[in-house]
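What you see is a predicted model; the values in this text were computed from it and never measured. As the structure lists them, so they are numbered: ligands from 1, and atoms in each ligand from 1.
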Amino acid sequence: MGKVTGLVCLKCGKRFAGGEHITCPDCGLEGIFDVEYDYDELRHSLKESPLQSRHVNNIFRYQDFLPLSEPAPGMLKVGMTPLYRFEKMTDLTGVDEVYLKDDTVNPSSSLKDRASAVGIAMAVEDGRRAIACASTGNAASSLAVLSASVGVDSYIFVPESAPEPKLYQIGACATKVFRVKGTYEDAFDVATEAIEKWGWYNRNCAINPYLVEGKKTCSLEIYEQLGYCVPDWLVVPVGDGCILSGQYKAFKDLKAAGVTDRIPRILGVQAEGCSPVVECFHGKGEPYCAEPNTLADSIRVGKPRNWRKALKALNESEGAAVTVSDDEIVSAIELLGRHTGVFAEPAGSTAFAGLIRAAGEGIIEKDERVVFLVTGSGLKDPESLKSRDLITDVGRDIREVERALESA
Ligand SMILES: *Cc1c(COP(=O)(O)O)cnc(C)c1O
Ligand SMILES: [Zn+2]
């Protein structure tokens, strides 16, 4: 655990040495840790090897900000995904300077690969040959894909509602996939029990503090790709809250290491039918949604495990939180597709939908510099577009094509 100097429980505030526990021994699953580094040492290593001078082209470019220095041998390339600026975004959002961070191009086509790459490297370093997780889909695909690349067994638990393309992506790469009758929460509980019983390495992101560290690399890249600048706003989708927490942690670590002097405001976006974190941010008690209802399966999380960390990130960054309807989410998929060519799954377009809404409501202003994340590929859940009239059926008669073109 070389560079990690301590783990701080977000619930009770106690500090522990790195490597001993996954969650706080006093608080159990509620006691999620924040990972701390030796920031003086970090300043020193950044002086020796400034970010600008580095040549590694994956997330381990940021090894001094991570709990370990190298990927597991054979690991597919994770991270260093593109940041794009499309002129069209200004028309669509009303904001002058908008950037899209495209995390659909990771090996398993979602941002989850950043967390899995760290989790698997730690498991391998620890001599573990089997790793497990519960997931709404993408963490599982990611774990299965990256474990396969390094020759580690993977045991995956998904809820009944996982979209089929994700199931098959997992099935093609995992040692074993279990489809649990019930929700993500049920799958999570079964996985937790199995992990304890068979002693597998636990990749359940929400409670394993090191995985948020992996997700953090997305914003370390953004900082570099913006020419070593901090944006005014960072817009992220929220399920368990790990992506959001990770992006905040990136800027917090950069600041603690003396690289930057500010943190972007973070806008968390959830679906109307499942918005426990947004409601909690607006002061409505502990986050819980009894009947999550959205087509964005990756953020269909009724009981977010990492809400404390997410709330802290929203508050400390002076951020904001909004909800968007499923219809806005699907429209955002179409807008992104039509105007950028980036194809997003519903949770993947949610941040963009949230940006449009927040700009419309004046939360984000016209002259602010905004980055939004596209967290997962549309190929993972193409059926989400079924309700849209995107396909024109024609016979073999060219006049049908002509008529269709004329009526368009
Ligand atoms: C997991 C996931 C999210 C939500 O991330 P959390 O860390 O659970 O908040 C958003 N989008 C996609 C595509 C995901 O796979
Ligand atoms: Zn505690």
Side-chain angles (χ1 to χ4, degrees), residues 7-16 21-34 101-104 106 108-116 133-143 158 162-163 166 169 184 188 204-209 211-212 214-216 218 235-249 266 268-271 274-278 287 292 294 296-311 313-314 321 329 333 343-354 372-381 384:
L7 299 171
V8 180
C9 173
L10 287 172
K11 188 161 184 222
C12 71
K14 268 192 218 130
R15 181 176 271 99
F16 298 87
H21 308 283
I22 289 283
T23 55
C24 174
D26 296 344
C27 304
L29 289 184
E30 286 274 301
I32 291 176
F33 285 132
D34 217 7
K101 178 67 168 167
D102 181 11
D103 250 41
T104 68
N106 278 307
S108 79
S109 308
S110 87
L111 187 147
K112 295 283 192 298
D113 285 342
R114 297 177 183 276
S116 296
C133 81
S135 161
T136 55
N138 286 337
S141 318
S142 171
L143 188 70
V158 295
K166 295 186 186 182
Q169 186 185 25
Y184 167 59
F188 188 95
N204 279 337
C205 181
I207 63 162
N208 183 327
L211 301 181
V212 165
K215 290 188 170 178
K216 178 176 87 175
C218 184
V235 188
V236 299
V238 181
D240 267 315
C242 302
I243 293 182
L244 190 151
S245 313
Q247 307 324 299
Y248 172 68
K249 181 68 163 28
I266 298 181
V269 188
Q270 292 199 295
C274 180
S275 58
V277 173
V278 176
T294 167
D297 72 291
S298 300
I299 52 171
R300 196 189 293 138
V301 183
K303 194 179 158 200
R305 309 278 159 171
N306 219 346
W307 65 273
R308 272 199 186 82
K309 215 179 251 193
L311 255 288
L314 285 170
I329 289 173
I333 297 178
F343 184 30
E345 66 166 272
S349 75
T350 296
F352 184 56
F372 70 93
L373 307 186
V374 178
T375 48
S377 163
L379 292 175
K380 284 173 167 286
D381 188 12
S384 59

Review point. Who gets closest to atom 12 (C) of ligand 1 by heavy atom: Val269, Thr375, Thr350, Val374?
Key: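 Nearest heavy atom to atom 12 (C) of ligand 1 lies in Thr375.
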
Practice item. Answer with side chain, backbone, both or neither: which part of Asn306 has a heavy atom less than 4.0 angstrom from an atom of ligand 1? Key: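 Neither part.
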
Review point. Does Ile243 approach ligand 1 within less than 4.0 angstrom via side chain, backbone, both or neither, non-hydrogen atoms only?
Key: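 Both the backbone and the side chain of Ile243 come within reach of ligand 1.
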
Please determine if [X] has a nitrogen or oxygen closer than 3.5 Å to a nitrogen or oxygen of ligand 1.
X: Ser110; value: no
X: Lys215; value: yes
X: Gly239; value: yes
X: Gly376; value: no

Any [X] side-chain heavy atom under 4.5 Å of [Y] side chain:
X: Ile333; Y: Ser384; answer: yes
X: Ser110; Y: Ser141; answer: no
X: Cys218; Y: Gln247; answer: yes

Exercise for review: Please determine, by modelled atom types, if Thr375 and Asp103 share a side-chain donor-acceptor pair under 3.5 angstrom.
Suggested key: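 Side-chain D/A pair, Thr375 to Asp103: absent.
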
Review point. With no hydrogens and no angle check, do the side chains of Ser116 and Ser142 hold a donor and an acceptor under 3.5 Å apart?
Key: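 Checked: Ser116/Ser142 side chains pair up, N/O donor to acceptor below 3.5 Å.
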
Review point. Does Lys380 come within less than 4.0 Å of ligand 1, judged by its heavy atoms?
Key: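 Contact absent.
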
Point to revise | ligand 1 contact by Val238, heavy-atom criterion under 4.0 angstrom | key: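 Judged by the 4.0 Å heavy-atom criterion, Val238 does count as contacting ligand 1.
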
Review point. Rounded to the nearest 0.5 Å, what separation is found between the CG atom of Asn208 and the CD1 atom of Ile22?
Key: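 The CG atom of Asn208 sits 4.0 Å away from the CD1 atom of Ile22.
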
Review point. Which ligand 1 atoms, with their elements, are less than 4.0 angstrom from a heavy-atom of Cys242?
Key: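 Under 4.0 Å from Cys242, ligand 1 has these atoms: 6 (P), 7 (O), 9 (O).
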
Exercise for review: Fit a plane to each ring of His21 and Phe16, take the angle between them on a 0 to 90° scale, and name the class: parallel (under 30°), tilted (30 to 60°) or perpendicular (over 60°).
Suggested key: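 Aromatic pair His21/Phe16 classed perpendicular.
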
